[in-house]
Amino acid sequence: MAEIENRPSNFIRQIIDKDLQSGLHSSVSTRFPPEPNGYLHIGHAKSICLNFGIAQDYQGTCNLRFDDTNPEKEDMDFVNSIKEDVSWLGFTWQGEARYSSNYFDQLYMFARELIEKGLAYVDFSSQETVRALRGTLKEPGQNSPYRDTSIEENLAHFEKMRAGDYKEGECSLRAKIDMSSSFMCMRDPVIYRVKFAHHHQTGDKWCIYPMYDFTHCISDAIEGITHSLCTLEFQDNRRLYDWVIENISIDCTPRQYEFSRLNLEYTVLSKRKLIQLVDDKHVDGWDDPRMPTIAGIRRRGYTPSSVREFCLRIGVTKMDNLVEMSMLEACIREEMNVSAPRRMAVLEPLRVVIENYPEDQVEWLDAINHPMDDTMGTRKVPFTKELFIEREDFKESANKKFKRLVLEKEVRLRNAYFLKANRCDKDDKGEITTVYCTYDADTLGKDPEDGRKAKGVIHWVSASEGKPAEIRLYDRLFTVPNPAGEDEFTATINPESLIIKQGIVEPSLADAPIASAFQFERTGYFCVDKDSTPENLVFNRTVGLRDTWAKQNQG
RNA sequence: UGGGGUAUAGCCAAGUUGGUAAGGCAGCGGGUUUUGAUCCCGCCAUUCGUAGGUUCGAGUCCUGCUACCCCAGCCA
């Protein structure tokens with residue numbers, strides 16, 4: 001109960017509260033209704049969390065319904081991936097997954113009912129004519145010459161449509177509403193069209209398919225949906241939704257409410273653009289970790305609970321929005337901070353030789369797996385004469401603000417000893433190749449007795465015992481906050497959205513299972529990519545650690 | 001004067017009968033720290049798109065204006 005009280009309310013929950021209090025409804029039923037013509041993305045997650053979250057909190061139900069009225073664009077691969085993604089997010093739909101196509105027979109009969117009431121007619125006008133007669137935003141439309149065909153003839157035509165006697169585009173069934181309506185969707189909308197297409201659910205049974213506006217409301221009513229939640233662009237369509245429900249014989253009155261869709265900075269969330277990114281090979285596929293798809297963010301290392309938390313935090317309103325990426329990142333950092341075991345990994349290795357350390361000695365030092373959680377225990381980390389440190393953690397000279405290794409100065413090697421840099425080698429290009437150091441054997445697990453202080457703490461990995469690993473670092477996919485607003489959004493793709501490092505990781509990481517997650521101390525949260533093998537370890541950086549120092553030094 | 005919507009901090013967002021602007025993210029100070037992380041402490045809207053009006057009192061009510069989003073698929 002307390003959990004429910006902690007849920008942020010929103011205008012939809014307030015409507016539900018009222019409907020429950022007034023007795024309009026005694027229980028709540030929602031549905032998540034994707035068209036199986038693409039992969040789900042973080043925007044869908046918002047809708048999923050809304051619909052399933054309401055069902056959970058009000059002890060109601062939420063159906064998964066595939067809005068599959070356009071077979072040419074849909075297929076089973078998409079329905080399967082959608083089921084997988086909804087499940088991954090942690091939600092369970094009521095009963096079996098539904099399909100709008102389950103209702104094709106009923107839909108057909110309701111269409112007949114409309115014809116019988118004189119509220120629908122078969123129009124043989126060409127699509128061009130239909131468009132021309134529809135009028136414009138500011139001018140009313142004109143009636144179709146087929147608008148006054150008799151009910152009997154319309155019934156016969158519709159039957160012939162179903163029988164396959166008419167070609168695609170030859171005619172359509174239109175609701176007879178109002179050609180002068182200020183709502184364009186009410187100007188005698190097409191509700192059935194001819195399509196000789198194979199359907200993934202109904203096969204070749206049908207050659208006419210109902211349109212969204214006719215199908216959705218009826219499907220909701222059939223399923224007993226009380227609150228039908230969709231995005232803002234359907235606000236006008238609500239008039240048609242209500243018109244259909246009012247004019248057919250069905251004893252359920254679902255209500256549609258619209259909320260604003262999610263927009264996320266530095267990415268795109270439209271199906272068309274996502275398809276383009278994949279088809280034009282700007283990314284490696286639907287599950288590329290840079291993609292805002294559920295599959296992509298999952299592979300990137302986001303957890304279901306972090307995505308749910310994000311959806312909770314962004315709220316539900318009717319306001320157009322462009323949410324900052326930092327909102328999403330904060331959710332996964334917060335979770336990983338408490339759950340991810342710490343490890344050491346060097347992304348860009350620089351060789352360190354400890355001159356006063358025995359040649360072939362390997363010391364297995366204890367390292368704590370989590371600074372705030374003793375139950376996560378410890379592990380052994382090998383310490384040897386040659387180590388790798390992060391290239392950016394060493395400078396020949398630096399100012400006081402540089403809390404890392406500097407010639408003649410001392411730092412603490414994380415989980416190990418104090419280390420002092422004596423000199424370094426460079427190649428012909430002036431690039432530092434090796435740093436020669438000495439360590440203080442009396443500083444393991446304690447500070448030096450003479451009170452010396454380390455300039456900082458840096459991570460490291462044994463050169464001989466560490467494992468090479470491919471480390472994939474990701475940056476925003478686009479260089480502008482709102483690529484969708486550009487003339488050609490692909491022109492703003494960030495060429496450095498993926499940077500691959502050949503790093504070295506501590507040996508305990510060698511057998512980490514795919515998808516397992518860690519904090520690589522000082523560099524971020526990482527997970528094992530599906531490409532990873534024992535011979536070729538691959539890690540994805542989910543998100544970096546918060547780095548106030550780097551920010552301040554950017555100017 | 002087509003219609004439908006939306007305007008509260010850099011971003012997201014509470015604010016429901018008018019009573020004196022929640023919270024989160026980001027940011028900024030300071031403390032702790034063997035992660036420049038975490039954690040802790042403090043700061044961050046005299047003002048709610050704008051101009052008027054009503055009122056003792058307006059983010060909430062009224063009027064005008066402005067900006068932005070959506071609608072002319074046999075897509076959803």
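Side-chain atoms are counted along with the backbone in the values below, which use heavy atoms only and exclude waters and symmetry mates. Chain letters run A, B, ... following the sequence lines, proteins first and then strands; every chain starts at 1.
In the set B/C75, B/A26, B/G3, B/G3 carries the atom at the smallest distance from any side-chain atom of A/Phe183. Here the side chain of A/Asp547 is nearest to one of B/C74, B/G5, B/G36, namely B/G36. Of the listed nucleotides (B/U35, B/C11, B/U6), B/U35 has the atom at the smallest distance from the side chain of A/Glu521. Here the nucleotide nearest the side chain of A/Asn321, chosen from B/C75, B/C12, B/C25, is B/C12. For A/Thr548, taking side-chain heavy atoms from C-beta onward, the closest of the listed nucleotides B/U8, B/A76, B/A37 is B/A37. For A/Gln235, the listed nucleotide lying nearest its side chain is B/G5; candidates were B/C11, B/G5, B/G36. Residue A/Asn337 places its side chain closer to B/U38 than to any other of B/U34, B/U38, B/G5.
Nucleotide B/U38 holds its C1' atom 16 Å from the CD atom of A/Glu335, rounded to whole Å. The interatomic distance linking A/Leu137 (CG) with B/C71 (P) rounds to 10 Å, in whole Å. A/Leu545 has its CG atom 14 Å from the C1' atom of B/C39, to the nearest Å. The distance from atom CD of A/Glu233 to atom P of B/A72 is 11 Å, rounded to the nearest whole Å. Here B/A72 presents its P atom at 11 Å from CZ of A/Arg187, a figure rounded to the nearest Å. Between A/Glu265 atom CD and B/A26 atom P there is a gap of 13 Å when expressed in whole angstrom units.
A/Arg414 has no side-chain polar atom (N or O) that falls below the 4.0 Å cut-off from OP1 or OP2 of B/U33. Between A/Arg131 and B/G73, a side-chain N or O to OP1/OP2 separation shorter than 4.0 Å is present. Contact check, A/Gln14 against B/G15: a side-chain N or O comes under 4.0 Å of OP1 or OP2. Proximity of A/Arg239 to the phosphate of B/G4: no side-chain N or O atom is located under 4.0 Å from OP1 or OP2. For A/Thr69, no side-chain nitrogen or oxygen approaches OP1 or OP2 of B/C75 to under 4.0 Å. One finds a side-chain N or O of A/Arg134 lying less than 4.0 angstrom from the OP1 or OP2 phosphate oxygen of B/C74. Dashed line: the shortest gap from a side-chain N or O of A/Arg546 to OP1 or OP2 of B/G36 is not under 4.0 Å. The shortest distance between the side-chain N/O atoms of A/Lys195 and the OP1/OP2 oxygens of B/C75 is below 4.0 Å.
Only the P atoms considered, B/C62 is 26 Å distant from B/U46, to the nearest whole Å. A distance of about 15 Å separates the P atoms of B/A26 and B/C11, rounded to the whole Å. To the nearest whole angstrom, the two C1' atoms, one in B/C28 and one in B/A9, are 14 Å apart. Taking atom C1' on both nucleotides, B/U32 is separated from B/C41 by 11 Å, rounded to a whole Å. Comparing B/U66 with B/G19, their C1' atoms sit 30 Å apart, to the nearest whole Å. Rounded to the nearest Å, the gap between the C1' atom of B/A45 and that of B/A7 is 16 Å.
Residues A/Cys311 and A/Ile314 approach most closely at O-CG1, 3.3 Å, considering heavy atoms. Taking each heavy atom of A/Asn263 and A/Leu269 in turn, the nearest pair found is CA-CD1, 4.2 Å.
Looking at heavy-atom distances under 4.0 Å, A/Gly445 makes contact with a base. Counting non-hydrogen atoms under 4.0 angstrom, A/Asn37 reaches nothing in the nucleic acid. Contact annotation for A/Met344: no contact, since no heavy-atom pair falls under 4.0 Å across all strands. As judged by a 4.0 angstrom heavy-atom cut-off over every strand, A/Ile314 is placed among residues touching the sugar-phosphate backbone only. As judged by a 4.0 angstrom heavy-atom cut-off over every strand, A/Tyr192 is placed among residues making no nucleic acid contact. Note on A/Leu322: only backbone sugar-phosphate atoms sit closer than 4.0 angstrom, heavy atoms only; bases stay farther off. Contact annotation for A/Pro34: no contact, since no heavy-atom pair falls under 4.0 Å across all strands. Among the heavy atoms of the strands lying under 4.0 Å from A/Glu35 are primed sugar atoms or P, OP1, OP2 only; no base atom is included. Base engagement by A/Asn237 is indicated by at least one non-hydrogen atom pair under 4.0 Å involving a base atom. Among the protein residues, A/Thr136 comes within range of the nucleic acid bases, having at least one heavy atom under 4.0 Å from a base atom. Heavy atoms of A/Lys318 sit under 4.0 angstrom from primed sugar atoms or phosphate atoms, though from no base atom. Nucleic acid contact class of A/Thr317 (heavy atoms, under 4.0 Å, all strands): sugar-phosphate only. A/Ala416 comes within 4.0 angstrom of a nucleotide base, judged by non-hydrogen atoms across all strands. If you check every strand for non-hydrogen atoms under 4.0 Å, A/Thr231 touches nothing.
Judged by distance alone, with hydrogens and angles left aside, A/Arg342 brings a side-chain donor or acceptor within reach of the base of B/U35, the pair sitting under 3.5 Å. For a distance-only test at 3.5 Å, the side chain of A/Arg412 qualifies as a donor-acceptor partner of the base of B/U34. With hydrogens and angles ignored, a donor-acceptor pair closer than 3.5 Å exists between the side chain of A/Asp236 and the base of B/G3. Taking only distance into account, the side chain of A/Glu258 never meets the base of B/G5 through a donor-acceptor pair shorter than 3.5 Å.
When ring centroids are compared, A/Phe158 and A/Tyr192 come within the 6.0 Å threshold. Between A/Tyr302 and A/Phe310, the ring centre distance reaches or exceeds 6.0 Å. Here A/Phe418 and A/Tyr439 keep their ring centres 6.0 angstrom or further from each other. Proximity of the aromatic rings of A/His199 and A/Phe104 is defined here by a centroid distance below 6.0 angstrom, and this criterion is met. Taking the six-membered ring for Trp and the full ring otherwise, the centers of A/Phe124 and A/Tyr166 sit less than 6.0 Å from each other.
Shown here, B/G19 forms a base pair with B/C56; the pair counts as Watson-Crick or G-U wobble because both key distances fall under 3.5 Å. Nucleotide B/A13 forms a pair with no other nucleotide shown, judged by Watson-Crick or G-U wobble geometry with both contacts under 3.5 Å. Searching all strands for a Watson-Crick or G-U wobble partner of B/U38 with both distances below 3.5 Å returns nothing. The partner of B/U66, taking Watson-Crick or G-U wobble pairs whose two distances both stay under 3.5 Å, is B/A7.
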Report the C-alpha distance between A/Arg313 and A/Glu334 in whole Å, list the side-chain angles of each, state the deciding distance to 0.1 Å, and finish with yes or no for salt bridge (Lys or Arg N to Asp or Glu O under 4.0 Å).
CA-CA 13 Å; A/Arg313 289 186 189 186; A/Glu334 213 167 276; 2.6 Å; yes
Are A/Asp57 and A/Arg13 close enough, and set up right, to give a side chain to side chain contact (heavy atoms under 4.5 Å, CB included), and what steps lead you there?
CA-CA 10 Å; A/Asp57 294 347; A/Arg13 283 171 181 257; 2.9 Å; yes
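Once the 5.5 Å centre distance and the 30° plane angle are applied, the aromatic ring of A/Trp549 is found stacked with the base of B/G36.
Between A/Lys176 and A/Asp188 no salt bridge is recorded (no basic side-chain N to carboxylate O distance below 4.0 Å).
Glycosidic conformation of B/G59: anti, with the torsion beyond 90° of 0.
In this structure, A/Thr443 and A/Val323 both approach RNA chain B, and ranking their closest nucleotides by distance from the 5' end singles out A/Val323.
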